[in-house]
2 protein chains.
Amino acid sequence: MKSASAGPPTLRHVAQASQVSESTVSKIVNRTKRFSPEVERRVQAAVAELGYTPNPHARSVITGRSRTIGVVVADVLNPHFALLIKGVGSVARARGYTVLLTDSDEDSDLEAELLGTLIPRVDGLIVAPRLEAQVVAQFARLKPLALTARPSDLARRQALGEALTFGVDGFQTGQMIGHYLAQGGHRHVSYLHLAQADDDRLRGLEAALGGQGIRCTVHRSAEPSIEGGLRAATAMLLGEDRPDAVVTYNDLMALGVLAEARKFGFEVPRDFSLVGVDDIPYAALTSPPLTTVRTYSREIGVQLAEALLDRIEGVDRLAPTPPTPQLMVRGSSAPRQYEAAPVGRG
Amino acid sequence: MKSASAGPPTLRHVAQASQVSESTVSKIVNRTKRFSPEVERRVQAAVAELGYTPNPHARSVITGRSRTIGVVVADVLNPHFALLIKGVGSVARARGYTVLLTDSDEDSDLEAELLGTLIPRVDGLIVAPRLEAQVVAQFARLKPLALTARPSDLARRQALGEALTFGVDGFQTGQMIGHYLAQGGHRHVSYLHLAQADDDRLRGLEAALGGQGIRCTVHRSAEPSIEGGLRAATAMLLGEDRPDAVVTYNDLMALGVLAEARKFGFEVPRDFSLVGVDDIPYAALTSPPLTTVRTYSREIGVQLAEALLDRIEGVDRLAPTPPTPQLMVRGSSAPRQYEAAPVGRG
DNA sequence: ATGAAAGCGCTAACAC
DNA sequence: GTGTTAGCGCTTTCAT
């Protein structure tokens, strides 16, 4: 029975109860040194009796480490990020870390604010950045950072400095979709591009389409969400020159486009093929089910966390190879049957 | 320019740079006392110059508070929880708190473990518990807890002790669905029940159906997810005595049932009506769109956070009234046309 | 208006 | 093996 006292029990209480010094208790609790069975028993008993839990803040003040990592995603509601979070969480837990998770609501100012409050509390951060590379690089000098996405062009400019960047190759993703659509005989592709966050996919797509003389129209949206897709659909589908394929930055946007297209009376894939990115769980459940590129969201989270924790702990392991994106062909896309469809091959 | 030094700048560095004592800096940084304009200016300048940020851990050791709240949800991938998190996050940010978020993966043992690691780090917790009430009550004695769902029976037993419990009324939710189906002439309802977490909805449903002599079969699942729905669908739909309505614990399960039903060749709502709970964003996008009960997930998060922070800060505000659940009738449900459908008017 | 001193709960040298 | 000592970075009386 713990006698009346303010707050929770401290090391001192345990030390008094078990008749040893505070440092002995500390060493036993932390398994940092061994003692005689008798003493260990007494201390363990006192710990159990009092319900002692170490104060992690006090610990952090001394060690300078918090065994906590921060995660900043743009939108927890996006299953891509939710899965990434789950991946991070499982690794963190297995390695004895706690996760401080925040949602920037797709707002870069808020993202910066969140990074600022998180940094003094964590040992490292996993970020799905919407912020400009230079700003992110600034933060990367304060604490180890692991970033999703592989911004090849930015990395080339070394703008990201120390940060680990890691994710499925965006260029390759775009390219896969481009090749697939080209081989399906499509002639006019519209891409729904996420403003300021997504150049690689677009470049990959254009690279694959360009060689085949296929037209690629780019539409922009700032919202990589269902609503973003809904809102962009009008402009993409109701113009005079309707595309025979629509590709979106992610699956959520594709779902929005699909819903809105149905409202306008379009039928997919009869009127146009629709391709998303991520393969979120809902993608397989729509009708028609969505053709998409699987980006292995959970796995990316796992690899980011492993890499970050290795870095934090000074482990010098080889960086893992990111998964290869995989095209999941489903019912929302179909080959075009024009008079003489030129079938491209690579 | 900060000269070479280990770690980030501390109060001491600021004090030295501005030629005042540490306590003066502390008071200025915390706005806890005013000083001469001259001193304030010098200190602010030094803070900016050195890029000083207070060490939140050191602060917490002294004050015993961390301006951090913990959130434990069963599954971030469930949009219901993702929205709740967003609600919590917006309030927390507005009131100057950071959120420590964790995902228990629908596992009560893990939930207990997470609560244990979170409690010493936070000022209070928001939990969507799968854990038994007694265990939760145990944790509630250590730190303020705010719980989703309103477990009327448990509250009656006072098992939850100090915890604030808060959410859309489950009994009422079940009742609304029951009345709606009864009025639609349904005669045999199957309910997909979430084992151990959901008695109120079932009781409300049964209460509404019982009076009308409508049969209610209960199926159990431990997974309130798309997969849970997929897996349960077989048992619910392929028995000899097929229901004319299926109600699920939540929308994710309903999506699973819908997908699996389609695979078996059933057509909804022709073969049976389907009703979910939550009104997640995807519910309106399926075909047919899902009839469901809106539970105002985000709003619940907001109210939970407000209530918890009020409690933490000793503010004695009146507890807000939880939103009333609202039935969203969509295409997945339709009246039955039997010879002489008895139309209940409960 | 400013500062000196004590100490929050804990760890880490270094003694013995 | 065990204890002593000295802090970590900060807040908080209490003097001046």
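Each chain gets a letter, A, B and so on, in the order its sequence line appears, and its residues count up from 1.
DNA chain C is contacted by B/Val39 of residues 37-48 of chain B, taking any non-hydrogen atom closer than 4.0 Å.
The distance between atom CZ of A/Arg121 and atom P of D/dC10, rounded to the nearest whole Å, is 13 Å. In this structure, B/Arg34 places its CZ atom 12 Å from C1' of C/dA1, rounding to the nearest Å. Rounded to an integer number of Å, the gap from B/Gln16 CD to C/dG3 P is 13 Å.
For B/Gln303 (side chain) and B/Pro320 (main-chain N/O), no donor-acceptor pair under 3.5 Å exists by modelled atom type. Using a distance-only test at 3.5 Å, with no hydrogens or angles considered, a donor-acceptor pair links the side chain of A/Ser18 to the main chain of A/Val14. Of the possible donor and acceptor atoms, none in the side chain of A/Asp103 sits under 3.5 Å from a partner among the backbone N and O of B/Lys86. Of the possible donor and acceptor atoms, one in the side chain of B/Glu40 sits under 3.5 Å from a partner among the backbone N and O of B/Phe35.
Put simply, CD1 on A/Ile28 and CZ on A/Arg42 are 9.0 Å apart, with the number rounded to the nearest 0.5 Å.
Look at B/Asp310 and B/Arg95 and you find a salt bridge, because one of the NZ, NE, NH1 or NH2 atoms lies within 4.0 Å of a carboxylate O, short of that distance.
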Q. What string of B, S and - do you get for nucleotides 8-16 of chain C 5' to 3' if you count protein non-hydrogen atoms under 4.0 Å?
A. BBBBBB---

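Results of the side-chain contact (heavy atoms from CB on, under 4.5 Å) test with A/Val88 over A/Leu83, A/Ile126, A/Val73 single out A/Ile126 as the only residue that passes.
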Using residues 112-121 of chain A as the side-chain source, report each donor-acceptor pair under 3.5 Å to any protein atom, sequence neighbours left out, with the distance given to one decimal.
residue: A/Thr117; atom: OG1; partner: A/Leu114; partner atom: O; Å: 3.0
residue: A/Arg121; atom: NE; partner: A/Thr117; partner atom: O; Å: 3.2
residue: A/Arg121; atom: NH1; partner: B/Thr68; partner atom: OG1; Å: 3.2

